[in-house]
Structures are given as C-alpha cells and as structure tokens.
Amino acid sequence: MDRIKAQFLGLAVVAAVASMVLCSCHGTQSAVATKEAKQKMDIQVESFGSTPEGRQVRLYRLTNAKGLKAAIMTYGATVISLEVPDRAGKMDDIVLGYDNLDGYLKNSPYFGAIVGRYGNRIGKGRFTLDGVEYDKLAINNGENHLHGGLKGFDKVVWDDEPVWRPNGVGVKLSYLSEDGEEGYPGNLQSTVTYVLTNDNELRIEYEATADKATPVNLTHHGYFNLTGGARDILGHVLALNADKFTPVDKGLIPTGELPAVKGTPMDFTKAAAIGARIDDDYEQLRFGGGYDHNWILNKDGKELTVAAKVYEPTTGRVMEVRTTEPGIQFYSGNFLDGTITGKENQVYQHRWGFCLETQHYPDSPNKPHFPSTILRPGQKYETTTIYRFSTK
Ligand code: GLA
C-alpha cells in the first residue's frame, strides 16, 4: 500500500507539473479551470478480496472534477459502478453488477467486464488462418464459442497501475493471454485503459500485440440502466448510427448477409424506444429473444464516430457512445430473468439492463468479407470507445 501511495504522489506531482505547463500556454482562465480540476480528481485503491486461487483483486475508485464516480476492479477489468447525475443533479449508479467479488466469481453474465480474446461468437469454435485450422476454441454457448471461452478476459485478474491525465483519472490494466489459452494461437499482450474524464466520459483505450497471428476483438460488456434501476430499460430511447446490420441464425451466428435495417424493427436510424417493437413478430427478434445483434456503423475507416445515443426520459440522462470500431452489439438484456439479485438486493428482472458493445462483427474469422479481426506480429491493435454522459 505504501508503495502505491508513493507512486500516486509521484504521479500527482508529474500531473501537476504537466498541467502547469499546459496552463502557461492556454492563459489564466484554463489555469484556474485546470487547478480546480486537479484539486477534485481522485483515485483511491482498495483491496476487493481475492480469487479462489489466491490472487488479490484491487478496486480503483475514480472521481472526476465534476463529481462523477467509477469503480473498476482488476478481476475481469470490470466496471462495478458508475455514478452520474440526472437532470436535477441527483447521482445514481447506472450499471448492473454485484456488491462484492463473490457475486462476480459465482455467476456473472459479463456484468461490466472486458470481454476477450474475442467478443461475441465464433461459429462452432473453429476457424482457418493462413491455411492452418484452429478447431479447439472452448465451446461454451450451444455448439459455439462465446466471449473468449470458458475462462475469458472477464474471468482473469489484470495487472494495474493508476493513470493521471490533465483531463481525467483512470486505471491501466494489462493481461498476457498465453499461446493456446482457450484454443487461440499466440501470446497476446493486451492493455485496457479506462479514464474518467472531466468531460463526463468513460473513455476506454484498448491495445494489444501478439507473437503469432490471432483473432482479437476486445469490448466492454457494461449493462446500463439510466434510470438507476427504477424499472426495466424498455422506455429508454435509442438511436444507432447504422443503416445495416448482420442477421443471425438460430445459434446467433451471422449468416453473412448485410441487409438494410429500413422498414424493420432493427431500424434505429431515427430514435425509438427500445420496447416499441421488441416483441414484434420478426424472425431476427425471435432468434435473439429481443435485440442481440451487431449493427454496421455508418463510417469509412477507423475514425472515432458516434455509434449510439440513448436518452432516458424520466431522469433526463443521456449516454452517447463513440468508437473507432466498425460495429456495435446492442443486447437488450434478454437473458436477465429475475434469477440474479445484484447490488443492494436489487432483482434484475427481464431486460433490466442493456449493453452497447463496440466491436468487429461476430464470427469474422469465418467471414472473409467482414472487416478483418486478425492481429499479426509487428502490428498493433488499437481501438477507442467513449461513453459520454449528459442530461436534457
Ligand atoms: C452478448 C451476447 C448475448 C449474451 C450476452 C451475455 O451480448 O450476444 O447473446 O451472451 O452477451 O449474456
């Protein structure tokens, strides 16, 4: 602990010097603003228990200059709480999860975690890469491979270090996934940096390198409920910046088609309540038990663009999602069925949370016409996703 405190002090000094340097070139106004921001931003590190194997788990409590709070633990690189204001300034925790580590260890449908090595499904747990067949990915979802396998990145303890930036505080988490883990080729070194910025954003930066060619598709699996858990998420109003989606078969593997959403209940190009069409008699909704699909974002290349906007009318909370990724999985919490009791004894009923998982398309390793998810030695995997909170 002493070592950590000392490290913090050192970093705080570095951050202070950095902001002074920044301030001198931006004039008095920003000098005042930065000084104020620096006074209020905070990182507290606590022990959050240990895994059955005896690995210590740490919890980072982050506070930004506006009073937003995020708590992130090293098990699964998991966001366990995120407190943001409603239109009257009342703070609520707007993500689902558990009060303690035990809940996450026993039964978590990826609450708030980082999912990897490959977010979403790879059909039948196999793919061919450079002429070699890899057919031993862990099968954990019917006949398919889901979210990195039996022990994906959501179930490992990540290494951690605090992050101080002029405009935010965070934690940098690192994990080495070894060659052969869950059936994947190559050692994969990943880092995920969460920063709670003073622009009221949860910013997530993903990086990875590998020593053999391997599929990589990292994402964040937060379950949001912008009411703070007052009711299900069907009244949230969603807009997706996507004219097309990837339809799936019964096992939720993409068929490979890329149809337009126009004229279907998948059309969120104009904002609509999540619940407005969710029970329509439409094959894709039947297969997903609601929304559980990948939308193809309207963009060229890898620029950071708006993917989704969500507005919750009773509290006025707004969440905007921006990403460098080409796709987004919108999952309407269809598998939540009242059997999980989460934080503060709250029962998570059907569709009590929704996920917006920025990503490459599911099953890309078996779909050559989808954007490639293959990372090769010498290349760097780099993506950024930002969840920004405001009110109206
Ligand atoms: C993703 C999948 C869903 C489900 C959830 C977690 O969104 O697409 O089918 O696995 O994660 O339960």
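Note: hydrogens, waters and symmetry copies are ignored here, and every other heavy atom, side chains too, is used. One-based numbering, in listed order, for ligands and for the atoms of each.
The proximity of Tyr223 to ligand 1, defined as any non-hydrogen pair under 4.0 Å, is limited to the side chain. Under 4.0 angstrom from ligand 1, there are no non-hydrogen atoms of Asn141.
Within ligand 1, counting atoms from 1 as listed, the ones closer than 4.0 Å to a heavy atom of Leu146 are 10 (O). Short contacts between ligand 1 and Gln329, defined as distances under 4.0 Å to a heavy atom of the residue, involve ligand atoms 8 (O). Below 4.0 Å from some heavy atom of Arg121 lie the following atoms of ligand 1, by number and element: 2 (C), 3 (C), 8 (O), 9 (O), 10 (O).
Taking any N or O of His221, backbone or side chain, at least one lies under 3.5 Å from an N or O belonging to ligand 1.
A salt bridge is absent between Glu382 and Lys302; no separation between the charged side-chain nitrogens and carboxylate oxygens falls under 4.0 Å. Checked for salt-bridge contact, Asp42 and Arg61 miss the test: no charged N lies under 4.0 Å from a carboxylate O. Between Lys367 and Asp363 a salt bridge is recorded (basic side-chain N to carboxylate O distance below 4.0 Å).
Ranking the protein heavy atoms by distance from atom 1 (C) of ligand 1 puts His147 NE2, 3.1 Å first. The closest protein non-hydrogen atom to atom 7 (O) of ligand 1 is Glu357 OE2, 3.0 Å. Ranking the protein heavy atoms by distance from atom 3 (C) of ligand 1 puts Asp292 OD2, 2.9 Å first.
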Verdict with supporting geometry, Asp130 and Lys212, salt bridge (charged side-chain N to carboxylate O under 4.0 Å, His left out): CA-CA 11 Å; Asp130 298 335; Lys212 282 186 195 163; over 6 Å; no

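Summarising the geometry, atom CG belonging to Asp159 is positioned 9.5 Å from atom CG belonging to Leu176; distances are rounded to the nearest 0.5 Å.
The cationic atom of Lys392 (NZ for Lys, CZ for Arg) lies less than 6.0 Å from the six-membered ring centre of Tyr311 and within 45° of the ring axis.
Between Leu336 and Gln349, the closest heavy-atom pair is CB-O, 3.6 Å.
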